[in-house]
Amino acid sequence: MGLGELCNQSTETFVCHPSTSGDTTSMQPALALYLALCLGSVFAIWPLPRSLQQGSTPLLLSHDFAFEISLSHPPGDLLSAVSRSQSYLQNDKLERLVVGRGAADRAPISGAKQISSLKLVLGGNRTMRSITEEILLPLEERDESYILDIPTNGAGATLQANSTLGLFRGLTTFGQLWYYSDGKLYTLEAPLHIEDSPVFSWRGLLLDTSRNFIPVDDIKRTFDAMSWVKLSTFHWHVVDSQSFPLQIPGFEELSQKGAYSADAVYTSGDVQELVSYAAERGIDVVVEVDTPGHTAIISESHPEFVACPQFTPWATFAEEPPAGQLRLLPDAANFTANLFTAVAKMFPSSMISTGGDEVNVPCYEQDLEMQQYWNATGQNLNQTLSMFMQATQQSLIKAGKTPVTKEEMALNDQLTIANNSLILVWKTSADLPRVIERGFRVIFAASDYMYLDCGAGGWLGDDVNATSWCDPFKTWQKTYSADFLANLTDAQKSLVVGGQHQLWTEQTSAANLDPITWPRAASGAELFWSGPGGNVSAALPRLHDVAYRMIQRGIKAIPLQPQWCALRPGLCDLTS
């Protein structure tokens, strides 16, 4: 890898592009220093833009700085986004992460020129929609691109985009550029010219709210943090075998008998509030009701639909206690299809997940009603499972939704699932090409890179030596290193729509939601915005900046290193 591939220096600006390959641990000292000057100087920006030109001139924001919206009737959520951006500028007060926390910057910025405005301009021929409307479009129709220009001559900065969603992403970047010192907001890197857009539209975080209930306010705080790193999808695993907290109109008995308590529920009003809050922040809420497995709790209200409920030993009949899953019978399939029809009315996203993982064969083999049905019809497990999946998926397609399902359904030769299904690859990254070979669009969420709950030890009560099934703990570096496009053809790469972190909550509640998620989940945000192949050493100073800024905004993000290391980039590397 040549120096010119990483950073081209002119007399006035650095022109930096993300590295697409290579390990810099054996880099010559001069080259390593040069890379640090190039990428280290943009450590405020996360995720890394597609194209960045930056200078070395100090610049101040004036005390009367204002956002100017060049639209005759700007949508309300864009106005709200501008208001939040203004608030962050006033309240972040983040000092630069260097020794002395920017004290040495006071002299060079004392006489710097000031900019008094950022003008937001909507261009192109695209119909003007709100941020909320843009993020709810199908993946292939979204436009998140933007161009940001910040001059050095005291003229106003400009932010241009083809959509309000693009303007919102550009506002996020603009807010990352400024540091605080002695009452002033400044950058040392003007002029800046950024042209940016994501490599992938699906940049997600899955949160399980069934093992342990997560209150609405904590989910909303998670949405805030997601928006700060440009994540676009909240994959809401809202129910499971342990509890059913979602109140669904027409199916209220499920939560009445399946929630942990009357307070541990998500009402229709809660759903509307969360969906709206997320969409205003550029996040699409894709709900998952996992079926036919992971549904034991439905036996509390509808025992007629559930096979092997509460069977013991549970480990024979389920991956987690309690045992029980929906029967693959016509009446259970109709019930589930009607359930999804009702769920589809609650969630405006164009996508809904039917789950489909970890169907337990012994459960059906020892369920009397399943055995009687198979004997009477001459059908087998795969035939009835295919019938069940087709019924549920068709209910979503009829409702105008794209089905999302898990890899087991796509890799089973004897199942028929909708051709337009999105397939979540979760077991192992080795399964990604196998699913792609079948022609499905895929979401990368493999446990060997993307699981946030790995490495926390065992949670089963009587196993003193237990470990988590997906040990070890997945560091941000591990996620960041995922080269999930390796060895794929261009045609195959086009089937990858993005990916996500996964947080299963056997050992997570509101008490530790922030630290287990942040800033690690930001690594996936850059992985799927900028694409794989980023350099860990160059990314770390910027990720420190993400974490410290999140803390300023009320997120309990964990430290990635001792603060001594955060203030001295590179000096805590193993080879330094």
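Note that the coordinates shown come from a computational prediction; the quantities given were computed from them, not determined experimentally.
A cation-pi arrangement, defined by a distance under 6.0 Å to the six-membered ring centre and an angle within 45 degrees of its axis, is absent between Lys474 and Tyr449.
Side-chain atoms of Thr505 and Asp208 include a donor-acceptor pair closer than 3.5 Å. In this model, no donor atom of one side chain and acceptor atom of the other lie less than 3.5 Å apart for Tyr266 and Gln247. Inspection of the Thr172 and Trp228 side chains reveals no N or O donor paired with an N or O acceptor under 3.5 Å. Defined by atom type and a distance below 3.5 Å, a donor-acceptor pair is present between the side-chain atoms of His544 and Gln561.
Surrounding CG of Asn487 are at most 12 heavy atoms belonging to other residues, nucleotides or ligands under 6.0 Å away. Atom CG of Asp331 is surrounded by more than 12 heavy atoms from other residues, nucleotides or ligands within 6.0 Å.
The salt bridge (charged side-chain N to carboxylate O under 4.0 Å, His left out) test with Asp514 is passed by exactly one of Arg221, Arg520, Lys556: Arg221.
Nearest approach of Lys220 to Leu274, heavy atoms of both residues: CG-CD2, 3.6 Å. Among all heavy-atom pairs drawn from Leu485 and Val496, the shortest one is CD2-CG2, 4.0 Å. Scanning both residues, Leu503 and Thr508, for their nearest heavy atoms gives CD1-OG1, 4.0 Å. Gln507 and Ala456 make their closest contact through OE1-CB, 3.4 Å (heavy atoms, listed as atom of the first residue, atom of the second, distance). Looking at every heavy atom in both residues, Ala557 comes nearest to Ile551 through O-CD1, 3.8 Å.
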For this session: Report the C-alpha separation of Glu252 and Lys257 in whole Å, then their side-chain angles, then the decisive distance to 0.1 Å, and conclude whether the salt bridge (Lys or Arg N to Asp or Glu O under 4.0 Å) test is met.
Result: CA-CA 9 Å; Glu252 290 85 353; Lys257 295 189 176 182; over 6 Å; no
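A salt bridge is absent between Glu304 and Arg327; no separation between the charged side-chain nitrogens and carboxylate oxygens falls under 4.0 Å.
Proximity of the aromatic rings of Phe484 and Phe528 is defined here by a centroid distance below 6.0 angstrom, and this criterion is met. Between Phe444 and Phe200, the ring centre distance reaches or exceeds 6.0 Å.
Side-chain contact between Gln242 and His294: absent, with no pair of heavy atoms (C-beta onward) separated by less than 4.5 Å.
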